[in-house]
S.K.: 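Below is the structure I would like to discuss, written out as structure tokens.
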4 protein chains.
Amino acid sequence: MTGRPRSPVVDEAIIRSTMALAQQFGYRGVSMEAIAAHSGVAKQTIYRRYQSIGEVMLAVLASFAEEQLPNPDTGSLREDLYLLLSATFAAQQGISGELNRGLAAEAVQDEAFARKLWERLISNRREVVRAMIGRARVRGEVAHPDDEFLVDLVFGPMWYRLLFGRAVLDDKYARQLAEATATVAAAPA
Amino acid sequence: MTGRPRSPVVDEAIIRSTMALAQQFGYRGVSMEAIAAHSGVAKQTIYRRYQSIGEVMLAVLASFAEEQLPNPDTGSLREDLYLLLSATFAAQQGISGELNRGLAAEAVQDEAFARKLWERLISNRREVVRAMIGRARVRGEVAHPDDEFLVDLVFGPMWYRLLFGRAVLDDKYARQLAEATATVAAAPA
Amino acid sequence: MTGRPRSPVVDEAIIRSTMALAQQFGYRGVSMEAIAAHSGVAKQTIYRRYQSIGEVMLAVLASFAEEQLPNPDTGSLREDLYLLLSATFAAQQGISGELNRGLAAEAVQDEAFARKLWERLISNRREVVRAMIGRARVRGEVAHPDDEFLVDLVFGPMWYRLLFGRAVLDDKYARQLAEATATVAAAPA
Amino acid sequence: MTGRPRSPVVDEAIIRSTMALAQQFGYRGVSMEAIAAHSGVAKQTIYRRYQSIGEVMLAVLASFAEEQLPNPDTGSLREDLYLLLSATFAAQQGISGELNRGLAAEAVQDEAFARKLWERLISNRREVVRAMIGRARVRGEVAHPDDEFLVDLVFGPMWYRLLFGRAVLDDKYARQLAEATATVAAAPA
DNA sequence: ATATAATCGAGACGGTACGTCCCGTCTTGCA
DNA sequence: TGCAAGACGGGACGTACCGTCTCGATTATAT
């Protein structure tokens, strides 16, 4: 009834190869075929776990220490947001950024995958911000009634820049964005 | 050296077919092969005009009344932004939104195309907002020193939502965003 | 050393499923995978008994009443051959024919299997004819010196027709073939 | 309206590679994938001309000087048949035999292909024999009423032996078969 | 009764080939 | 030179079977 269990060795091989390929050849160089060839894992075996390269990349991102999202509580929304954004932006450098862009591409093409991405990655990040805002609201720092909107304000510009690869996600930008969001939060609707 | 001139009939056929395909099958159904088959135009002929499907989609968007971007000047930044965003969001419904998502996917995977997209579409939109802010600054409504950041604030959330197809781009959202941006603009750095 | 004995229930399940699949989907529908799925028997379990689908098909044919080969002795080679061929042809209708064609395909592609097929199926059939000829020779009906050749004459045309599915193997053909073989047998080299 | 014509260079490359592969690795070593890899021709390009490896092999056989079937007219059916069979058997040695076996395998699996094979290869060979018998009938050498049956008698044993790879197709066998067929032809039904 | 040992179902696994899709380039003949 | 038609090499897709493997659960005999 049980059958042979899936090998964790294989799991890891897939993840490692995907990372290596993304690093070497960028998101475009990551295909099922390439992962299979690079990892020595049969295509079928990959498809048994993931339905698309996007899902593989999700797994890769998830393997990054479970997204070591900081959740600072400094007593200031501005400061909390800055610390989160600063760390988040830093994580977007290198492969992680490459993978994030890949995920965006996948999401835009596939409704079902978009939902999965949202649930497994985006919503976690949003939850952290939502919590920050909640704490700030208790402290009386927040007058704006719509938390979801504020969260959009925090992450929207990041994806915008990630999308067009136009401008950097640096520390200064993190500070500006934290500042702006805190300002909007403080202002009454 | 001169030879036969390019047929405008062909130009139009390509645009029309691309629109039709995007509408029927989503932007995934838009491939060079599909456009050629649907329009009766030879692939070569399409390649003679455009380097990628992304460029075709750009052309289609451009053909929409030359991006009927409103550039209101109501004397209030909040109001100007609202009118612009409201119109922009409305335009994202239907094919136009589909095409925009296609462009995002293309850009995210192709640095060179991302630049092209920026120059031909994004920067125009940004210029409009920049002008609004400039006028508002003259009126004394703007204290924030960084125009580019403010523009990011205007468009970032839109692409964020477009990207994940999660939430709608409705009138309420336009108002919230205009409001928030005006608030940030008014606040000193 | 002894362990659990092989289950005859499983044996039968394999045979039944193979027959069912051959009947429904033709012999192309008979694969190890399909037999396993249809019968609920594990692939490994099938491989424990048979080395190839060909062998399974052989087993199925063997299970048909141990090849109810008639071995008539009417005192006339012509009549003996006719009765044998008539029965043999009749057996080629339905699944049995399908399986025979499958065996042919397998044999043609696999030297080793061809030998096995020969030993377990073909040589038996030939032996029967060889015996008929022997008896006829005693009676003085046979002048032709080469028994093997005569046997080829009996079975060659059958496989030829089976192979190309072109013409039927009916009673008239059995009579013609018996007649012809008897004639050749009677004639001196 | 015309499009680029199919390249005869490609045609030849496919044929040559198929022959080479059949020679080196036998019929089993001939796959679409292998032909494509060996010839440097894209799979799609092969599929554009042929629907299966079987059809490729038919083309290969056809390329062998259009089956240089001898059609001797010696004034004796026995002699005519012997000369034809002798040449035919000789042609079955080497690749040609390998390909013939491959064709048989394909035919047995695919009704449609079986018809194609019959029309393009088998029926030609039969026609030659039919003509011989016709001439012999005029000369009064033939009493047997069924030409088709006689033709089966000529080719059946050859395929039988080809099928099981059991016995050789040598000159002696050609003589025996010619002899036997002539005998049957001469005998009245 | 309790090892010992093979069987069995389930299903993972590396592999090979399948047939299809689209890419971007090319070669025709006609306009 | 433009253009429709369509061939071409290339690369990836997702699927089907192959034959082997590892599980846990049985089911016998041999202690």
Side-chain angles (χ1 to χ4, degrees), chain A residues 1-7 9-11 13 28-37 39-49 51-53, chain B residues 1-7 9-10 13 28-37 39-53, chain C residues 1-7 9-10 13 28 30-37 39-53, chain D residues 1-11 13 28-37 39-49 51-53:
Chain A
M1 299 285 177
T2 351
R4 176 174 171 179
R6 295 200 181 158
S7 164
V9 177
V10 165
D11 282 312
R28 308 228 67 167
V30 181
S31 65
M32 286 300 200
E33 208 85 31
I35 298 173
S39 64
V41 161
K43 272 201 287 177
Q44 184 74 257
T45 300
I46 306 176
Y47 279 110
R48 210 171 277 129
R49 313 168 186 232
Q51 287 177 27
S52 65
I53 11 143
Chain B
M1 282 279 183
T2 34
R4 177 174 169 179
R6 293 197 183 161
S7 162
V9 177
V10 164
R28 300 231 65 179
V30 181
S31 66
M32 286 300 199
E33 212 84 32
I35 298 172
S39 64
V41 163
K43 275 199 292 174
Q44 181 72 277
T45 303
I46 305 175
Y47 278 110
R48 208 172 279 127
R49 286 142 218 257
Y50 308 103
Q51 286 179 32
S52 67
I53 8 128
Chain C
M1 281 280 183
T2 33
R4 178 174 170 178
R6 294 200 182 159
S7 162
V9 177
V10 164
R28 299 230 66 177
V30 181
S31 65
M32 285 300 199
E33 212 84 32
I35 297 172
S39 64
V41 163
K43 275 201 290 175
Q44 181 73 279
T45 303
I46 305 174
Y47 278 110
R48 209 172 278 128
R49 284 142 219 259
Y50 308 104
Q51 285 179 33
S52 66
I53 9 130
Chain D
M1 303 285 175
T2 351
R4 175 174 172 180
R6 296 201 180 156
S7 165
V9 176
V10 165
D11 282 312
R28 308 230 66 167
V30 181
S31 65
M32 286 300 200
E33 209 86 30
I35 298 173
S39 64
V41 162
K43 271 200 289 178
Q44 182 75 260
T45 301
I46 305 175
Y47 278 110
R48 209 172 277 128
R49 311 168 190 234
Q51 287 177 27
S52 65
I53 13 143

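A, B, ... follow the sequence lines: proteins, then strands. Residue 1 opens every chain.
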S.K.: Can you check whether C:Arg6 has a side-chain N or O nearer than 4.0 Å to OP1 or OP2 of E:dT7?
M.R.: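 Yes, such a contact exists.
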
S.K.: If I compare all heavy atoms of C:Met32 with all of C:Tyr50, which pair ends up nearest, and what's the gap?
M.R.: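 The answer is CE-O, 4.4 Å.
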
S.K.: Taking only residues two or more places apart in sequence, or in another chain, which ones meet A:Arg48 in a salt bridge (Lys or Arg N to Asp or Glu O under 4.0 Å)?
M.R.: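 Applying salt bridge (Lys or Arg N to Asp or Glu O under 4.0 Å) to A:Arg48 gives none.
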
S.K.: Where each residue is assigned the nucleotide of DNA chain F containing its nearest heavy atom, which of B:Thr45 and C:Arg4 is assigned the position nearer the 5′ end?
M.R.: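 Final value for this comparison: B:Thr45.
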
S.K.: Can you identify which nucleotide, out of F:dA4, F:dT20, F:dT15, has its nearest atom closest to the A:Lys43 side chain?
M.R.: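 Of all the options, the side chain of A:Lys43 is nearest to F:dT15.
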
S.K.: Let me know, please, whether A:Gln44 or C:Ala42 comes out on the 5' side of the other along DNA chain E by nearest nucleotide.
M.R.: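 Whichever sits nearer the 5' end wins; that is C:Ala42.
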
S.K.: Could you state the atom-to-atom distance from OH of D:Tyr47 to P of F:dG9 in whole Å?
M.R.: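 Computing the D:Tyr47:OH to F:dG9:P distance gives 15 Å.
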
S.K.: Could you check B:Ile35 against B:Val41 for side chain to side chain contact (heavy atoms under 4.5 Å, CB included), going step by step and ending with a plain yes or no?
M.R.: CA-CA 8 Å; B:Ile35 298 172; B:Val41 163; over 6 Å; no

S.K.: For B:Glu33 and for D:Pro5, locate the closest nucleotide of DNA chain E by heavy-atom distance; then report the residue assigned to the nucleotide nearer the 5' terminus.
M.R.: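 The residue mapped nearer the 5' terminus is B:Glu33.
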
S.K.: Relative to the 5' end of DNA chain F, which residue comes earlier, C:Val30 or D:Gly40, by the nucleotide with the nearest heavy atom?
M.R.: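 It is D:Gly40, whose closest nucleotide lies nearer the 5' terminus.
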
S.K.: Just jot down the side chain to side chain contact (heavy atoms under 4.5 Å, CB included) partners of D:Ala34, sequence neighbours excluded, or say none.
M.R.: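 D:Leu21, D:Ser31.
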
S.K.: Using atom CD1 of A:Ile35 as one end and atom P of F:dG11 as the other, report the distance to the nearest whole Å.
M.R.: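 Between P of F:dG11 and CD1 of A:Ile35: 18 Å.
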
S.K.: Check the distance between E:dC18's P and D:Arg28's CZ and give it to me in whole angstrom.
M.R.: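 Value for this atom pair: 12 Å.
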
S.K.: For E:dG11, does OP1 or OP2 lie under 4.0 Å from any side-chain N or O of A:Arg48?
M.R.: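 Indeed not, no polar side-chain atom of A:Arg48 lies that close.
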
S.K.: Nearest to the side chain of B:Val41, which nucleotide is it out of F:dC13, F:dA4, E:dC8?
M.R.: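 Nearest listed nucleotide: F:dA4.
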
S.K.: Roughly how many Å is it from CD1 in D:Ile53 to P in E:dA17, rounded to a whole number?
M.R.: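 Taking atom P of E:dA17 as the reference, CD1 of D:Ile53 is at 11 Å.
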
S.K.: Mind checking the OG-CD1 spacing from C:Ser39 to C:Ile46? Nearest 0.5 Å is all I need.
M.R.: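 The CD1 atom of C:Ile46 is 5.0 Å from OG of C:Ser39, to the nearest 0.5 Å.
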
S.K.: If you look at every strand shown and take non-hydrogen atoms under 4.0 Å, does C:Arg49 touch a base, only sugar-phosphate, or nothing?
M.R.: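 Sugar-phosphate, no base atom in range.
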
S.K.: Send over the distance from A:Asp11 CG to E:dA12 P, rounded to a whole Å.
M.R.: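 Distance check: A:Asp11 CG to E:dA12 P gives 12 Å.
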
S.K.: Heavy atoms from C-beta onward define the side chain here; which of E:dC23, F:dA7, F:dG14 lies closest to that of A:Met32?
M.R.: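 Among E:dC23, F:dA7, F:dG14, the one nearest the side chain of A:Met32 is F:dG14.
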
